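Keep in mind it's a predicted model, so treat the numbers as computed, not measured.
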Amino acid sequence: MPIGANFGWGICGRYLTKELAGFCDVELITEEFEIKDVGEDKEFFFLKQLKKNRKYFNDQEEFDSPVLQAIQGLDLKPWYMKVKSSHRIGYTFFEKDLIHSDDIRWAKDYYDTIVAGSSWCEKILNARGFSNTRTIIQGIDANHYNSGKNEKSEYMDHFVIFSGGKLELRKGQDLVIRAIKILQDKYPDVLLVNLWYNQWAPSMDTMRISPYIRFEMPKGDYFRAINHLFKVNGIDADRVITLPPIPNNKMSEIYQNTDLGLFPNRCEGGTNLVLMEYMACGKPVIASYSSGHKDVLTDDNSIPVKSLHPFKVQDQDGNILYQWEEPNLDEIVSALEWAYWHRDDLRNIGKSAGEDLSKFTWEDAAMQFYELFN
């Protein structure tokens, strides 16, 4: 599995490796990583002790022990290499339901079990003919994400809305921009805090398809580009805080000084770790009730957006690339309006969120994997 501090797979790899090592002997096979890739010195040295030294990855290496592998894409191939093992388990998150039948046949021959990061992913695998599946939800590090420090200490005279996730059509930041524009036009104290940094230009360019915003991101400095995007869409830059990439274990300090999270995502192959960690801090969210979000959202712990309609992305030849669900903009704005005027109720929703999300731990996720091996 990959290891890292500020991207989903890297975080997943770190925590599952660490927690599995508490149940059994673990050998970590991954690329080279440094302290900055982990974020904590003690954890870095612990993971280094588990890492197998290799400069390259040989296909079809043989192991006597079971193997857990990250699956890197919709073709269901393992992240680094194919192996021979007594038990091969793949872990997957995907946002496209059009899996090719040839890839399913290959996966049946290779994996003993495929674990999905959401029940939505598992249902798609089952529908395409791969039946030996299981859903295991990601965990949350309660040392960093809990309800203990969820009261604001800054921006007390603002209504602060947080939006996270890499800037791309799937994550729905175009809906965020349009909704914030409407809200800021009515209320001068509305402040947007965004963490949208995206180092993958092709996925960011999917925003050009948006029916809601004018997408212009000049090349060069990221902050200048994002400010330009806000400007051409009528957002007051003085009421926006744009954050650079931040290590995962520092994000709770950002969440603490916000009032509400906004996640109108069109699709999530997993349960959206940023959403989960935000809620774990005892913070309320407005979020699309679709795909992987359904595994964590309830009417009590969130303000779910349930008015959805099909959203298809096609290539130039008319071939369907993605089939997602789009949340209704009017319902998003209505939910924001309600939240703005019902802040005491928001605290109660945030309390329920913190209680519910505290049940998802990396230790429990690792134990579920461990049980699959036995």
Side-chain angles (χ1 to χ4, degrees), residues 6 140-142 144-167 171-173 175-184 186-197 223 226-227 230 235-265 272-288 293 296-297 301-305 327 332-333 335-358:
N6 55 13
I140 293 164
D141 186 343
H144 298 301
Y145 300 101
N146 59 71
S147 300
K149 297 196 308 181
N150 66 347
E151 293 295 328
K152 289 167 65 177
S153 60
E154 299 178 20
Y155 309 114
M156 306 301 291
D157 56 347
H158 286 81
F159 185 67
V160 186
I161 300 169
F162 172 79
S163 174
K166 62 182 184 293
L167 182 63
K171 293 286 187 180
Q173 289 96 342
L175 287 158
V176 174
I177 291 172
R178 184 68 176 270
I180 292 297
K181 163 64 176 168
I182 294 170
L183 214 64
Q184 282 192 343
K186 296 181 69 173
Y187 308 112
D189 60 339
V190 170
L191 178 68
L192 172 65
V193 174
N194 71 90
L195 203 168
W196 295 347
Y197 185 80
F223 293 97
I226 203 80
N227 283 339
F230 287 129
I235 299 289
D236 180 2
D238 290 335
R239 287 186 283 165
V240 175
I241 296 176
T242 296
L243 300 171
I246 294 175
N248 178 255
N249 59 11
K250 300 293 184 182
M251 285 305 301
S252 61
E253 300 170 16
I254 304 298
Y255 301 157
Q256 180 180 351
N257 286 300
T258 64
D259 295 287
L260 176 72
L262 180 54
F263 298 89
N265 304 40
N272 190 346
L273 189 57
V274 176
L275 169 81
M276 291 178 69
E277 291 170 342
Y278 188 88
M279 293 175 69
C281 290
K283 292 292 185 178
V285 300
I286 296 171
S288 52
H293 281 183
V296 297
L297 298 182
N301 68 20
S302 64
I303 305 173
V305 178
I332 294 170
V333 173
L336 285 168
E337 286 262 14
W338 182 90
Y340 183 88
W341 291 110
H342 295 83
R343 303 188 196 188
D344 288 339
D345 293 318
L346 278 187
R347 292 187 183 92
N348 293 330
I349 294 172
K351 181 179 178 182
S352 294
E355 292 170 353
D356 288 354
L357 272 293
S358 67

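- In this structure the side chain of Leu195 reaches within 4.5 angstrom of the side chain of Met251, judged on heavy atoms.
- Between the side chain of Asn301 and the main chain of Ser352, no donor-acceptor pair closer than 3.5 Å is present.
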Report task. Test side-chain contact (heavy atoms from CB on, under 4.5 Å) on Tyr255 and Val274 and set out the steps. Result -> CA-CA 10 Å; Tyr255 301 157; Val274 176; 3.6 Å; yes

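- Looking at Ser252, its side chain does come within 3.5 Å of a backbone N or O of His144 through a donor-acceptor pair.
- Residues Ser153 and Asn257 have side chains in contact (heavy-atom distance under 4.5 Å, counting atoms from C-beta outward).
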Query raised in the report: Passes side-chain contact (heavy atoms from CB on, under 4.5 Å), Ile235 versus Leu192? Steps please.
Result: CA-CA 10 Å; Ile235 299 289; Leu192 172 65; 5.6 Å; no

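- With rounding to the nearest 0.5 angstrom, the CD atom of Glu337 is 3.5 Å from the OH atom of Tyr187.
- Between the CD1 atom of Ile286 and the OG atom of Ser163 there is a distance of 11.5 Å, given to the nearest 0.5 Å.
- Side-chain contact between Leu262 and Ile332: present, with at least one pair of heavy atoms (C-beta onward) separated by less than 4.5 Å.
- Put simply, the side chain of Leu167 reaches to within 4.5 Å of the side chain of Ile226, judged on heavy atoms.
- Between Trp196 and Phe230, the angle of the ring planes lies from 30° to 60°, which puts this pair in the tilted group.
- The structure places NE2 of His342 at 10.0 Å from CD1 of Ile349, a figure rounded to the nearest 0.5 Å.
- Panel note: side chain Glu277, backbone Asn272; no donor-acceptor pair is recorded below 3.5 Å.
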Requested in this report: Apply side-chain contact (heavy atoms from CB on, under 4.5 Å) to the pair Val160 and Lys152, showing each step before the final yes or no.
Outcome: CA-CA 10 Å; Val160 186; Lys152 289 167 65 177; 3.9 Å; yes

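- Counting only distance, with no hydrogens or angles, the side chain of Gln256 and the backbone of Glu151 share a donor-acceptor pair below 3.5 Å.
- In this structure, the separation between CD1 on Ile303 and CG on Leu346 is 5.5 Å, given to the nearest 0.5 Å.
- Across every non-hydrogen atom of Lys166 and Gln173, the tightest pair is O-NE2, 2.9 Å.
- Looking at every heavy atom in both residues, Ala287 comes nearest to His293 through CB-ND1, 4.1 Å.
- In terms of modelled atom types and a separation under 3.5 Å, the side chain of Asp356 and the main chain of Met279 share no donor-acceptor contact.
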Report task. Report the C-alpha separation of Arg343 and Asp259 in whole Å, then their side-chain angles, then the decisive distance to 0.1 Å, and conclude whether the salt bridge (Lys or Arg N to Asp or Glu O under 4.0 Å) test is met. Result -> CA-CA 8 Å; Arg343 303 188 196 188; Asp259 295 287; 5.3 Å; no

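- Atom CD1 in Ile180 sits 6.0 Å away from atom CG in Leu336 (nearest 0.5 Å).
- Side chain of Asn194 to backbone of Ile241: a donor-acceptor contact under 3.5 angstrom is found.
- Taken from CG in Leu260 to CZ in Phe162, the straight-line distance is 11.5 Å, to the nearest 0.5 Å.
- The closest donor-acceptor contact from the side chain of Ser302 to the backbone of Val285 lies at 3.5 Å or more, if one exists at all.
- Side-chain atoms of Thr258 and Tyr278, non-hydrogen and from C-beta on, do get closer than 4.5 Å to each other.
- Ser147 approaches Gly354 most closely through the heavy-atom pair OG-CA, 3.5 Å.
- At least one side-chain heavy atom of Leu243 sits under 4.5 Å from a side-chain heavy atom of Ile254.
- Contact check for Val305 versus Phe263: no side-chain heavy atoms found under the 4.5 Å cut-off.
- For the pair Val176/Pro264, a side-chain contact is recorded, criterion being any heavy-atom separation below 4.5 Å from C-beta on.
- His158 and Tyr155 have perpendicular rings, their planes meeting at more than 60° on a 0 to 90° scale where under 30° would count as parallel.
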Report task. Could you give me the CA-CA distance, side-chain angles and deciding distance for Asp189 and Tyr340, then say whether side-chain hydrogen bond (donor to acceptor under 3.5 Å, both in side chains) is met? Result -> CA-CA 10 Å; Asp189 60 339; Tyr340 183 88; 2.7 Å; yes

